[in-house]
S.K.: 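This is the structure, below, for whatever I ask next.
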Amino acid sequence: MPQKIKGFRDINPEINRLRWHIIEKASRVYRNYGFEHWDTPIVEYADSLGKYLPDADSVAEGVYSFRNPEKEPIFNASGNRMTDGAGNFLMENHFLTMRYDLTAPLSRVYAEKIWSPSLINQKDNFKAPLFRRFQYGPVFRFEAKLDPGRFREFWQLDFDTVGSADAASDAEVCMVLSDALEAIGIQRATYRVKVNNRKVLKGVLIGCGIADEKLEQDVLRIIDKADKIGQEGVMLELGKGRKDASGAIIEGLNLNSSTIDAIARFLEGFSETPSRSQLLAHLSNTYTANAIFDEGLKELAEIDAMLNKLGYAENRVIFDPALVRGMAYYTGPVFEVESLSTFIDEKGRERRVGAICGGGRYDGLVERLIGVRVPATGASIGVDRLGELLTLTNALKLQYTGPVLVVVFDPTLMTEYQMIAAELRAHDIPTEIYYGMQKGLKKQLSYADESKSPVAILLGGDELEKGVVTVRNLRLGAQMSGNIVDKNEWKQMAQKEVARGQLVTHVKEILTQKD
RNA sequence: GCUACUGUAGCUCAGUUGGUUAGAGCGCUUGACUGUGGAUCAAGAGGUCAGUGGUUCGAGUCCACUCAGUAGUACCA
């Protein structure tokens, strides 16, 4: 049997409806804030996408890569074609990579399209142009192990502001996320936008004597897991390591105990979720160690002030001092949206979906491509993750009505059926004619049910002669089918013979009925 | 990647201490029903018991390995 690749999905109409609902509602909010819609290719030169470069002609760690079949010239760092000793251009089959997020392509677009090449030599006296875009589409990651709800192809829905260092643009990210989720139909009580600042964490760690970047990343990674492994687990992993419940051994960082204590004290300060203002007060009273910390704190205070004025209170946006986000490239504020909704899995356990959005400030991303520091901030909705959440928690019921179905009683009347369908379509009523080979009436009406048709049109020789059609209200019929005994009575209610000229009016009437 | 568990029809599962031709419900197909489903009845299709090797007179059942799935854990742009 043919098979699809694991980690890739077939998207059925139901998932598609949900997916596009999310995209349409969120995009409208993004547009409202002035973001414009861009798309970029699914494949990019590997070099454009950052540090996850392939090292062989195979799938490299985490990404899908392959050689471009076309031979193209190689460029050096200053953008000139490289030549061999005899002056011939060096050509190569470049490495191409399928995008693993939408942010790396964004920085490529910015560098290539927005940053005019004529300005590349003026970088010392140059103010980066402003660029605000939203984008959605599939991204690809090679995952060796696939957790439920994690795929190799999945959709993201990003919005980013490139060219602003203002904390106001960070505050705006929180507002956009909050607005977008509510536009999608997520109840305010069921999500929280969480905000932290990498600069604060960095400052604290420097205060603890951790300045080495690699070590900093390791410590942050462990802090990030605090809500999962608890305070105790964090301390063990910072120290000598631990054994988890399944018996797997997790290596520790072997920090000395005074460092661990200092980090623990920092985290303990927030064991009870404090309000934004409490947190700011606590931070400023306790840690005034260094410049980067102060800068981070000041940014958080600005974000807080703006959110307060604009009505984004603690029930929408909170500060979480242990929030890290995995990505190394974040340089300032980081964002994550946590869903508070729970669902019961098939084994009866209560579970959560977790993070449904993520983002942050990444002032160094464009710099990696063109050597110029361009501040940028933004976030992304995990479309499929969110869709999964809405399905599992049954939080959103999308109203969907399928097409009217014209039942084919008598194949010789096909032209008549086509005319009926055309008439309904001309009035913007989606209409389908049954073309299946299983002609039984039962089959045709089951088909109508499956495609969620509201109405079936029945017409045979008798009706044709009388100049009428029979219109059956399938939604009403379904409602009544449970408790009706007398079939004729039921038929009378759910089904009506109307004059051919009244068809459109009658169908419209049924369609506008609310259940 | 590591640890544990699971793998029988499209789905959910039963299958005795190893014993003849592997079952049920739901779903599916056809018909009763040459013009009215969400009912009934009847018939039917559908299985390399995840795969390979082994133990045995005999394996769905026991053993080993492989693969896949689930849960936890690690990594995660």
Side-chain angles (χ1 to χ4, degrees), chain A residues 1 3 6 44 46 48-53 60-64 97-107 139-148 150 152 154 156 158 217-218 221-222 224-225 228-229 233 237 241-252 324-330 345-347 349 351 355 358-360 362 365 368 380 405 407-410 413 434 437-450 453 456-464 470-472 474-488 490-492 494-497:
Chain A
M1 279 297 276
Q3 260 186 331
K6 81 172 172 179
E44 297 268 1
S48 301
L49 291 186
K51 61 172 182 163
Y52 289 83
L53 299 182
E61 179 106 9
V63 295
Y64 288 97
T97 295
M98 292 168 81
R99 66 187 184 196
Y100 52 78
D101 69 10
L102 298 177
T103 313
L106 165 67
S107 54
V139 303
F140 304 86
R141 297 182 190 177
F142 175 74
E143 308 269 359
K145 191 199 166 184
L146 295 156
D147 296 322
R150 250 184 130 167
R152 289 173 170 174
F154 57 96
Q156 292 192 327
D158 284 38
Q217 289 297 325
D218 286 341
R221 180 168 43 80
I222 292 169
D224 196 30
K225 294 195 288 184
K228 209 166 167 189
I229 62 177
E237 288 198 27
R242 68 187 180 94
K243 246 188 210 179
D244 72 28
S246 69
I249 291 161
I250 298 156
E251 290 253 6
V324 176
R325 300 284 306 152
M327 292 194 261
Y329 67 55
Y330 289 130
D345 71 8
E346 65 274 15
K347 284 175 185 152
R349 288 173 297 192
R351 307 189 61 157
Y362 46 98
L365 204 61
R368 195 177 45 73
S380 173
L405 184 77
V407 170
V408 175
F409 257 135
D410 179 351
L413 298 180
Y434 183 84
M437 288 190 284
Q438 301 167 316
K439 298 288 189 201
L441 185 70
K442 186 172 174 166
K443 261 287 152 210
Q444 301 199 37
L445 292 173
S446 304
Y447 178 83
D449 272 348
E450 264 164 50
S453 299
I457 308 288
L458 301 99
L459 176 129
D462 298 352
E463 278 104 338
L464 189 67
T470 299
V471 177
R472 183 183 288 201
L474 293 172
R475 279 188 299 202
L476 184 62
Q479 274 169 32
M480 288 167 42
S481 69
N483 40 23
I484 277 281
V485 236
D486 180 36
K487 207 165 179 179
N488 282 327
W490 167 71
K491 219 192 282 175
Q492 269 187 351
Q495 175 171 306
K496 234 174 215 145
E497 219 174 61

S.K.: Roughly how many Å apart are B:U6 and B:U61, using the P atom of each and rounding to a whole number?
M.R.: 14 Å

S.K.: Atom CD of A:Glu450 and atom P of B:C28: how far apart are they, to the nearest Å?
M.R.: 8 Å

S.K.: Check every strand shown and say whether A:Lys225 touches a base, only sugar-phosphate, or nothing at a heavy-atom separation below 4.0 Å.
M.R.: sugar-phosphate

S.K.: Just verifying a value: how many Å separate A:Tyr329 OH and A:Thr103 OG1, rounded to the nearest 0.5 Å?
M.R.: 4.0 Å

S.K.: Just the table, please: protein N/O against nucleotides 67-69 of chain B N/O, every pair under 3.5 Å.
M.R.:
none

S.K.: Applying side chain to side chain donor-acceptor pair (under 3.5 Å), name anything that partners A:Ser380, two or more places apart in sequence or on another chain.
M.R.: A:Asp158

S.K.: Identify, with sequence neighbours excluded, every residue that meets side chain to side chain donor-acceptor pair (under 3.5 Å) alongside A:Glu497.
M.R.: A:Lys466

S.K.: Could you tell me how far B:G69 sits from B:U30 if I compare only their C1' atoms? Round to whole Å.
M.R.: 36 Å

S.K.: For the pair made of CG in A:Leu476 and P in B:G38, what is the distance, rounded to whole Å?
M.R.: 16 Å

S.K.: B:U29 and B:G10: how far apart are their P atoms, nearest whole angstrom?
M.R.: 15 Å

S.K.: Who are the salt bridge (charged side-chain N to carboxylate O under 4.0 Å, His left out) partners of A:Lys225, not counting sequence neighbours?
M.R.: A:Glu237

S.K.: Whole angstroms only, please: what is the CD-P distance between A:Glu237 and B:U73?
M.R.: 11 Å

S.K.: Taking only residues two or more places apart in sequence or in another chain, which ones pass salt bridge (charged side-chain N to carboxylate O under 4.0 Å, His left out) with A:Glu463?
M.R.: none

S.K.: Provide, to the nearest angstrom, the distance between the CZ atom belonging to A:Arg221 and the P atom belonging to B:U73.
M.R.: 15 Å

S.K.: Taking salt bridge (charged side-chain N to carboxylate O under 4.0 Å, His left out) as the definition, give me every residue that meets it alongside A:Arg325, ordered by chain and number, with sequence neighbours left out.
M.R.: A:Glu336

S.K.: Between atom NZ in A:Lys439 and atom C1' in B:U29, what is the gap in whole Å?
M.R.: 17 Å

S.K.: P atom, B:G53 versus B:U12: distance in rounded Å?
M.R.: 29 Å

S.K.: Once ring pair (Phe, Tyr, Trp, His ring centres under 6.0 Å) is applied, do any residues pair with A:Phe409, and if so which ones, sequence neighbours excluded?
M.R.: none

S.K.: Map every base of RNA chain B to its dot-bracket character, where paired means a Watson-Crick or G-U wobble contact with both distances under 3.5 Å and | marks a partner outside the strand.
M.R.: (((((((..((((.....[...)))).(((((.......))))).....(((((..]....))))))))))))....

S.K.: Apply side chain to side chain donor-acceptor pair (under 3.5 Å) to A:Asp218 and list each qualifying residue two or more places apart in sequence or on a separate chain.
M.R.: A:Lys214, A:Arg221

S.K.: Which atoms of nucleotides 31-35 of chain B (N or O only) lie under 3.5 Å from a protein N or O atom, and what are those distances?
M.R.:
residue: B:G35; atom: O6; partner: A:Gly461; partner atom: N; Å: 2.9
residue: B:G35; atom: O6; partner: A:Asp462; partner atom: N; Å: 2.6
residue: B:G35; atom: O6; partner: A:Glu463; partner atom: OE1; Å: 3.4
residue: B:G35; atom: N1; partner: A:Glu463; partner atom: OE1; Å: 2.4
residue: B:G35; atom: N2; partner: A:Glu463; partner atom: OE1; Å: 3.1
residue: B:G35; atom: N2; partner: A:Glu463; partner atom: OE2; Å: 2.5

S.K.: Taking the C1' atom of each, how far is B:C5 from B:C41, in whole Å?
M.R.: 44 Å

S.K.: With respect to the phosphate group of B:U30, does any side-chain polar atom (N or O) of A:Lys443 fall under 4.0 Å of OP1 or OP2?
M.R.: no

S.K.: Quick one: list whatever passes side chain to side chain donor-acceptor pair (under 3.5 Å) with A:Gln444, sequence neighbours left out.
M.R.: none

S.K.: If you go through the side-chain atoms of A:Gln438, does one of them form a donor-acceptor pair with the base of B:U29 closer than 3.5 Å?
M.R.: no

S.K.: Roughly, in whole Å, what's the span from CZ in A:Arg141 to C1' in B:A77?
M.R.: 6 Å

S.K.: With side chains defined as the heavy atoms from C-beta onward, is the minimum distance between A:Leu106 and A:Tyr362 less than 4.5 Å?
M.R.: yes

S.K.: Atom OH in A:Tyr100, atom CD in A:Glu44: separation rounded to 0.5 Å?
M.R.: 10.0 Å

S.K.: Between B:C33 and B:G15, how many Å separate the two P atoms, rounded to a whole number?
M.R.: 42 Å

S.K.: Work out how far the P atom of B:C63 is from that of B:G1, and round it to whole angstrom.
M.R.: 25 Å

S.K.: Apply side chain to side chain contact (heavy atoms under 4.5 Å, CB included) to A:Gln438 and list each qualifying residue two or more places apart in sequence or on a separate chain.
M.R.: A:Tyr434, A:Lys443

S.K.: Taking A:Lys6's backbone N and O only, do any of them form a donor-acceptor pair with A:Arg152's side chain (distance below 3.5 Å, no angle check)?
M.R.: yes

S.K.: Of A:Tyr329 and A:Arg472, whose closest RNA chain B nucleotide lies nearer the 5' terminus?
M.R.: A:Arg472

S.K.: Distance check, C1' atoms only: B:G18 and B:C26, in whole angstrom units.
M.R.: 31 Å

